[in-house]
Colleague: 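If you scroll down you'll find the structure; I have some questions about it.
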Amino acid sequence: MAHFAKIGKGNVVEDIIVISNEDALTEQAGKDFIKRTYNDNSLWLQTSYNTKAGVHLLGGTPFRMNYAEIDGTYDEGRDAFIPFKEFPSFVFDEETCTWNPPIDLPSDSDTVKYVWDEVVMNWRVYGS
């Protein structure tokens, strides 16, 4: 399946749709299919469901740094999808085109679930 993101005002991602690979043998073919099928002249860009932080999760070639998400943005200069900035304190990582908390996740996060607490600007145990 091929995933396409609708880019709106301010390069904000407004929608994401999935079409068959047969209708999107190339990105342009997918765009043409969307225009023809939905009578939509908006800007649609292909996005890779398997790409996150510049890495293809299945070992393939990463595409546009991240899978597009609603309310995220498309950065033309980087040709990258940038996720929505969840908290004001998060810092942009130029290498991965992601937003990260200003403090690393605690080292025991593989066994303890943490959530970011913007009020105290630190991690707290989920549910506490």
Side-chain angles (χ1 to χ4, degrees):
M1 302 307 286
H3 298 79
F4 281 80
K6 181 179 182 177
I7 312 302
K9 189 175 184 178
N11 284 345
V12 174
V13 177
E14 295 180 344
D15 196 8
I16 299 170
I17 62 171
V18 181
I19 62 177
S20 86
N21 287 336
E22 292 81 34
D23 294 318
L25 293 174
T26 65
E27 183 175 28
Q28 188 58 54
K31 290 177 179 183
D32 294 343
F33 174 82
I34 292 166
K35 182 177 181 176
R36 189 174 57 252
T37 304
Y38 300 104
N39 195 27
D40 189 331
N41 290 317
S42 303
L43 174 60
W44 289 88
L45 296 174
Q46 193 164 5
T47 183
S48 171
Y49 185 77
N50 294 309
T51 299
K52 182 175 179 162
V55 175
H56 192 281
L57 304 175
L58 302 177
T61 302
F63 186 63
R64 294 195 167 125
M65 295 301 290
N66 295 289
Y67 180 67
E69 63 180 47
I70 304 293
D71 292 331
T73 57
Y74 172 69
D75 184 311
E76 247 180 290
R78 291 181 174 95
D79 190 25
F81 287 106
I82 311 290
F84 176 77
K85 184 177 182 181
E86 196 172 351
F87 295 102
S89 67
F90 279 22
V91 179
F92 187 69
D93 183 327
E94 294 282 343
E95 264 186 54
T96 62
C97 291
T98 57
W99 295 100
N100 298 311
I103 298 170
D104 289 338
L105 196 58
S107 60
D108 63 348
S109 64
D110 56 337
T111 57
V112 178
K113 184 172 181 174
Y114 290 94
V115 292
W116 180 254
D117 186 330
E118 186 71 6
V119 174
V120 297
M121 298 274 295
N122 208 337
W123 295 100
R124 68 175 169 77
V125 175
Y126 177 75
S128 65

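Keep in mind that what you see is a predicted model, and the values were worked out from it rather than measured. In this chain, numbering begins with 1 at the start of the sequence shown.
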Colleague: Please round to the nearest 0.5 Å and tell me the distance separating atom OH of Tyr38 and atom CH2 of Trp44.
Modeller: 8.0 Å

Colleague: Please say whether more than 12 non-hydrogen atoms of neighbouring residues, nucleotides or ligands are located less than 6.0 Å from OH in Tyr49.
Modeller: no

Colleague: In this structure, are over 12 heavy atoms from other groups packed under 6.0 Å from Asn39 atom CG?
Modeller: no

Colleague: Only one of Phe87, Phe92, Phe90 forms a ring-ring contact (aromatic ring centres under 6.0 Å, His included) with Trp99, so which one is it?
Modeller: Phe92

Colleague: Using 0.5 Å steps for rounding, measure from the NE2 atom of His3 to the OH atom of Tyr67.
Modeller: 4.0 Å

Colleague: What are the two closest non-hydrogen atoms of Asp117 and Val119, and how far apart are they?
Modeller: OD1-N, 3.0 Å

Colleague: Quick check: are there more than 12 heavy atoms from other residues, nucleotides or ligands sitting under 6.0 Å from NZ of Lys52?
Modeller: no

Colleague: Just so I know, are the side chains of Met65 and Asp75 near enough to count as touching, which here means a heavy-atom distance under 4.5 Å?
Modeller: no

Colleague: Quick check against the 3.5 Å criterion: does Thr51 have a side-chain atom that pairs as donor or acceptor with the backbone of Phe63?
Modeller: yes

Colleague: Between atom CD of Glu27 and atom CG of Asp32, what is the distance when rounded to the nearest 0.5 Å?
Modeller: 10.5 Å

Colleague: Is Glu118 reaching over with its side chain to a backbone N or O of Ser89, donor-acceptor style, under 3.5 angstrom?
Modeller: yes

Colleague: State, yes or no, whether a side-chain contact exists between Val55 and Pro62 at a heavy-atom distance under 4.5 Å.
Modeller: no

Colleague: Is there a side-chain contact between Trp123 and Val115 (heavy atoms, below 4.5 Å)?
Modeller: no

Colleague: Contact between Glu76 and Asn11 at the side-chain level, heavy atoms closer than 4.5 Å - yes or no?
Modeller: yes

Colleague: Is there side-chain contact between Lys31 and Gln46, with heavy atoms separated by less than 4.5 Å?
Modeller: no

Colleague: Are the side chains of Ile16 and Ile70 in touch, meaning some heavy atoms are under 4.5 Å apart?
Modeller: yes

Colleague: Which heavy-atom pair separates Val13 from Ile7 by the least distance, and what is that distance?
Modeller: CG2-CD1, 4.1 Å

Colleague: Should Trp116 and Arg124 count as side-chain neighbours, where that means a heavy-atom distance under 4.5 Å?
Modeller: no

Colleague: Over all heavy atoms of both residues, which pair between Phe84 and Asp71 is shortest? Give the atoms and the distance, please.
Modeller: CD1-O, 3.5 Å

Colleague: Measure the spacing between CD1 of Ile82 and OG1 of Thr96 and express it to the nearest 0.5 Å.
Modeller: 8.5 Å

Colleague: Are a donor atom and an acceptor atom from the side chains of Thr26 and Gln28 found within less than 3.5 Å of each other?
Modeller: no

Colleague: Do Arg64 and Tyr74 have side-chain heavy atoms sitting under 4.5 Å apart?
Modeller: yes

Colleague: CD1/Ile103 to CG/Asn122 distance, rounded to the nearest 0.5 angstrom?
Modeller: 4.0 Å

Colleague: Using modelled atom types and a 3.5 Å cut-off, is there a donor and acceptor pairing between side-chain atoms of Asn66 and backbone atoms of Cys97?
Modeller: yes

Colleague: Whether the Asp23 and Ser20 side chains hold a donor-acceptor pair (N or O, under 3.5 Å, no angle test) is what I'd like checked.
Modeller: yes

Colleague: State, to 0.1 Å, how close Gly8 and Glu14 come at their nearest heavy-atom pair, and which atoms those are.
Modeller: CA-OE2, 3.4 Å

Colleague: Looking at Ala5, is its backbone amide N or carbonyl O close enough to the side chain of Thr47 to form a donor-acceptor pair, meaning the two atoms are under 3.5 Å apart?
Modeller: no

Colleague: Should we say atom CG of Asn21 is surrounded by more than 12 heavy atoms from elsewhere, each under 6.0 Å from it?
Modeller: yes

Colleague: Just verifying a value: how many Å separate Leu45 CG and Leu43 CG, rounded to the nearest 0.5 Å?
Modeller: 4.5 Å

